[in-house]
Every structure is written in C-alpha cells, then in structure tokens.
Amino acid sequence: MEFKELIQITKRLFREYVKKYFFRLLFALSLSIVVAGSTAAIAWLLDPAVKKIFIDKDTTYAYLIPILVIVAFSTKGLSLYFARIHVIKVGAWIQGIIQKQLANKILLSDIQTLEKKHSGKYVSNILYDASLIQNMVSTAVLNLMKDSFTLIALLSVMFYQNWRLALFAIIMMPLSAALARTLGKRIGKATKESGVLAGDLTSFLSEIIRSSQMIRIFQTEKRENLNALNKTDALIDKSIKIQSILIRATPIMEILTGIMIAGFIFFSGTLIAKGELEINNFFSFLTAMMLAYQPIRSLATINMVLYSGAAGAKRVFTVLDEPISIANDTSLPKLEVKKSDIIFKDVSFKYDVTTEKAVSDINFEIKGGTMAAFVGHSGAGKSTIIKLIPRFYDPQKGKIFIDNQDIHSVNLESLRKNIALVSQDVILFDSSIKDNIAYANQSASDEEIVKACQFAAADDFINKMPDKYNTLIGENGVRLSGGQKQRISIARAVLKNSPIILLDEATSSLDAETEQKIQDAINFLTKGRTTLVIAHRLSTILNSDKIYVVDNGKIIGEGKHDELIKNSEVYKNFYEKQIQKN
C-alpha cells in the first residue's frame, strides 16, 4: 500500500466514522497534554531535587519535591487512564458501526453479488478487518496524541537544561521516522495477505462443518485435516511475520538509543568538565531523555498500526462500496395485486459464471388464481424462471409483469411481500420450530401457527417432539429429517398468505403418504392464488391448469397433461419413465 493510499483511507475513516466522536477525542487530546506535562514535570523535578536536596541539603525541599513527584505521577496515571477509556470506547463504537454496516450490506445486497464471494470472506471482513480498524483508531490515535505531546514536552525540558545536548539527542529522530515508514509498508502488505488467509480459513471451516456427512461417507478426513493444517499454518506464519515486523523496530531503537546515550555521556562529560553543565541539569536532562525513549519507540510503530488498519479498511470499503444492482427504491410505486396475472415477455438471463444463457427468450402468461407447472431435465432453466419473479436476479433482456405492472418499476419490498417461496433447499434457523414458522409473519398468533402446520401436515410430528413447538432444531434444522424440514418450510409459506406461491420441488423429500397430505395442503394453499410449481414427480402436477416443458433454457411445449402427452415427445418420455419407475 502506497503512502498516498494510506492518507486517502485515513481521511475517509475520519470523515465517515471518527468525526462524529470529535469532541470525545478532543477531550482525550486535552488529557494527553496533561500526561505530557506531567511526564515533563517528573523529569524537570530532578533538577531542583538534586540541587536543593543533595547539594544544598535544604530540608524544606526534601518534603516538597517528593510530594510534587507523587502529584505528577498520579496526574499522569489518572489522565492516561481516562484518555485511554475514551479512545477505546470510540474505537469499539466505530468497530460496531462498521460491523453493522457490513451486516446491513450483506442483507440488502442482491443474490448475484453475494454469490461472487464465499460467505467466509464476509465473516472475515466483519470479525478480522473490523478489529484491525478498531485497533488503528484506539491504539494509533491515542499514542499519536499522547506520545507526540509527551515528546515535545520532554524535548522542551531537554532544551531548557542544555540546548547543545538536546540537539545531539534529536539526531536519532529522522532515523526513527525512516525506520517507521519502511516497516509500515511491509506491515501493510503482510496484513493484507493475512486478511486473505483469514478469509480462506473461515471459508474452509464453514465448509467442512456444513459438509461433515459428505466428508465421512467419502472418508476424506485425513485430506481435509491436512488442508486445515496447511491453511492454519499459513495464517500462523503470516501472523508471526507481522509480529516480527512489529518488534523489528525494538532492537534497532535499542541500538540507536545506546549510541545516543553513549554519545550523550561523552558529550555531557566534556561540558561538565568545562563548567557549562551542572550536575543537577545533567540528571534532569538524562531523566527527560530516558523518558523520551518510550514515546519515540511508540511513534516509530504507529506507522505500522496505521498501515495494518488501512489494509483492513480497504477490504471493508471494497464490500461497502459494491453497488447493489437490485435494491429497494421507496420512490417507486407499490405493486398492486388484484388478479396476480404473471407475464414473461422475451426474457433472457445468464449467470456470471457461464457464457451460456440459463433461459432464452422466454414467453408465457399465467392467469391469476391458476397453477402453472414447469418440467424438464436438471439444468433446463426451471428454477431460474422461478427466481426471476421475486427479483433474486434480473434478466439481461425482456420484462416480467404482474397484473400488467413491470416488476422492475415497482417497490421491491411490495413485490416480495406478495410472494411466498418453498424451495427444495430448505433454510431453517438455529431456533425453535415456532420461531422458524413465525419468520414469515412475526405478528402471527400461536393459533395461526398451529393452523398453518396442520395444513402443511407438520402438526402431528411437531407434537411428538420433546418441547413440541418450542423444540430447538439446530443449525439449518439438523435435528429434523428432510421431509420434516420441508413441511416446516411449507407451513411458513402457508402462514405468509401471499397471492403468489412459488414451489420449487416442494415435495421432493416426502414419502407417498405425507406427499398426499401435502398435496391436500397445497390445494388449499393455492386455491384462488397464482402458483408456479417445479416438480420432480409429475404425479403432483397432473391437475395443473397449464404445464410448461423447459429444455435448454427454452419453453418447447405447453398445455395440459393430456395435450402434452399427445404433442410433446419430451414430456411423454418424462411421464413414461416415471410410470416405469413406479
């Protein structure tokens, strides 16, 4: 990272996050001045202490100066404590704001944008990168204020005692600045690489947890364990490199300080011999110089903390600045659903990862209150058609209408409010059964939830659970069977009570008996509602008002079951194969 980029990122951090806490930082700044003054006072007090107590043997000063030393140390300690408290709070608040912004960005981003990046990378942005920014604000800001003022105050004492020695002492400061800049660039590069590795490790861990069954059945534990060791070791090595760079300044600073003190002793000895430096001035100067060592070392490492935080901020800003192509525009009119007719006009869409179109020049019209089914081979484009309706994706060509309203010209929230989806990939939360069903309608009563479950043939198995509706089901419903999870998903759709229902393989994990119950529930659910169904089992869609045959992203046939048996070879083959299986 170049110095210019560091300045730009720091300016943005100040403008968007730090500025709102300016007065708190101003208060910490005033306390830092007190810390600096107290530190300088400690060094200066050695001048009268040596002269009055040890040389003049003045007993009055023997009581006064120790009291003043205690006051100086106490003032320094308390001021530093309160300054740190304020800056730590500011850093933590800024970290919280950034984490909330990232979470909000993830929630509002369109699906296609989110799918470009592994979920583990986003977790790393929220946890790892935000903490780097917090450290940058809380550590670098405080040290920059405190140590800068302290160094200035101590230099003032040093010049007051002897300007020749002071000039000699500050020779090492340009060397420290050059050291800090060099190490800062290295730490920025290493931190950037560390952030990538942390994201990779987070992504890997989330995958092996999610894929635990597959790993065991294919007996790849050793291979995945080796991958875990390699990724962990890579992150550890990078962490060691970062810490090594951070502490690299210490031996160099020690050497520079040793050279300075050796030169100082030699130079001051000649001044004392010439009578140009008193012994009390010598001790006061020496104390100031030794106290200056800590702020000089701290200021030498601030550059590294700044580069490290800027590297994290850069990754965070990359996420926050990503444009949202499918966003809710409150200025657009709300979707007014009356009949819930759905029309596709010349719709084409392709995913970013492929050059081939998932669907091409799709045209159809579904009358409100009817059921339309889509059949075809896997990858034919059926699910893509379903996903275009709630605008999980936007087509590159063509338009989609609901009751003659272009869905791209209406409020997105109002569009999705009128659509319920039951997918073959059921998503459940690590919470109770009741909470998962009520997710569709937070204000639903217990009676409404139970009723929805009864229609979805879920009430029977729920009541056999140890805590019934309050039973915790684990991450993504791990404690439930596939069929149970799908019935909860269907109950959730029933509870939403939307005029448009999308069913993507909604009965794929159900046995024959349960499937019949679900079909009865779907008949109730879809009565008077527009329903689009993707079904693996043709037996569940035979009574659909219209069936569309999809192949290679195109609709190659449409009609009722009897018509397609006569007119569509593809559909006829599908049907005959399923009869043979049964």
Side-chain angles (χ1 to χ4, degrees), residues 1-3 5-6 9-10 88 91-92 95 98-99 117-118 120-144 147 175-209 222-258 293-319:
M1 180 183 294
E2 295 297 324
F3 182 72
E5 189 176 18
L6 169 66
I9 292 173
T10 304
I88 287 171
Q95 180 182 7
I98 290 172
Q99 288 174 329
K117 186 174 176 179
H118 194 285
K121 305 287 187 181
Y122 290 109
V123 174
S124 180
N125 291 142
I126 293 173
L127 298 180
Y128 180 76
D129 293 330
S131 68
L132 289 178
I133 298 171
Q134 186 269 344
N135 187 51
M136 177 185 183
V137 173
S138 61
T139 301
V141 171
L142 176 62
N143 289 357
L144 186 62
D147 295 325
L175 297 175
S176 300
L179 169 69
R181 184 165 184 177
T182 302
L183 295 182
K185 288 183 178 180
R186 292 182 182 178
I187 202 75
K189 181 181 178 182
T191 305
K192 179 181 178 181
E193 294 169 354
S194 179
V196 173
L197 291 173
D200 289 342
L201 180 60
T202 307
S203 302
F204 173 75
L205 292 174
S206 65
E207 284 186 347
I208 62 172
I209 291 170
K222 289 183 178 179
R223 186 177 72 188
E224 297 302 342
N225 187 53
L226 182 61
N227 288 335
L229 291 174
N230 291 336
K231 291 180 182 295
T232 305
D233 286 342
L235 184 58
I236 290 171
D237 290 342
K238 194 61 63 177
S239 177
I240 291 172
K241 183 178 180 180
I242 291 171
Q243 295 303 316
S244 298
I245 296 172
L246 282 171
I247 65 172
R248 198 172 295 171
T250 302
I252 300 174
M253 288 301 299
E254 292 287 352
I255 294 169
L256 290 174
T257 305
Y293 167 74
Q294 189 278 327
I296 290 173
R297 185 176 62 177
S298 177
L299 289 171
T301 59
I302 281 177
N303 207 32
M304 301 176 220
V305 178
L306 289 172
Y307 272 100
S308 177
K314 184 178 180 181
R315 288 189 293 273
V316 166
F317 291 150
T318 300
V319 176

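Keep in mind that what you see is a predicted model, and the values were worked out from it rather than measured.
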**Study point:** CE on Met136 to OG1 on Thr10, rounded to 0.5 Å
**Key:**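 Answer for the OG1-CE pair, Thr10 versus Met136, is 3.5 Å.
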
Using side chain to side chain contact (heavy atoms under 4.5 Å, CB included) as the criterion, list what pairs up with [X], not counting sequence neighbours.
| X | result |
| --- | --- |
| Ala313 | Ile9, Leu13, Ile133, Phe317 |
| Ile126 | Gln99, Leu102, Ile106 |
| Asn225 | Leu229 |
| Ser131 | Gln95 |

Please name the pair of heavy atoms, one in [X] and one in [Y], separated by the smallest distance, quoted to 0.1 Å.
| X | Y | result |
| --- | --- | --- |
| Ser138 | Ile88 | CB-CA, 4.0 Å |
| Val316 | Asn125 | CG2-O, 4.1 Å |
| Val137 | Gly91 | CG1-CA, 3.9 Å |

Under the side-chain hydrogen bond (donor to acceptor under 3.5 Å, both in side chains) test, residues paired with [X] that sit two or more places apart:
| X | value |
| --- | --- |
| Lys121 | Asp200 |
| Asn230 | none |
| Asn135 | Thr139 |

Exercise for review: Using modelled atom types only, decide if a donor and an acceptor are shared between the side chain of Ser239 and the backbone of Leu235 within a distance under 3.5 Å.
Suggested key: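 Not at all, since once roles are kept as given, no pair shorter than 3.5 Å links the two residues.
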
Exercise for review: Sort and list the pairs that fulfil salt bridge (Lys or Arg N to Asp or Glu O under 4.0 Å) and have at least one residue in residues 126-141, not counting sequence neighbours.
Suggested key: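 As it turns out, the salt bridge (Lys or Arg N to Asp or Glu O under 4.0 Å) pairs with a partner in residues 126-141, which skip direct neighbours, are Asp129-Arg315.
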
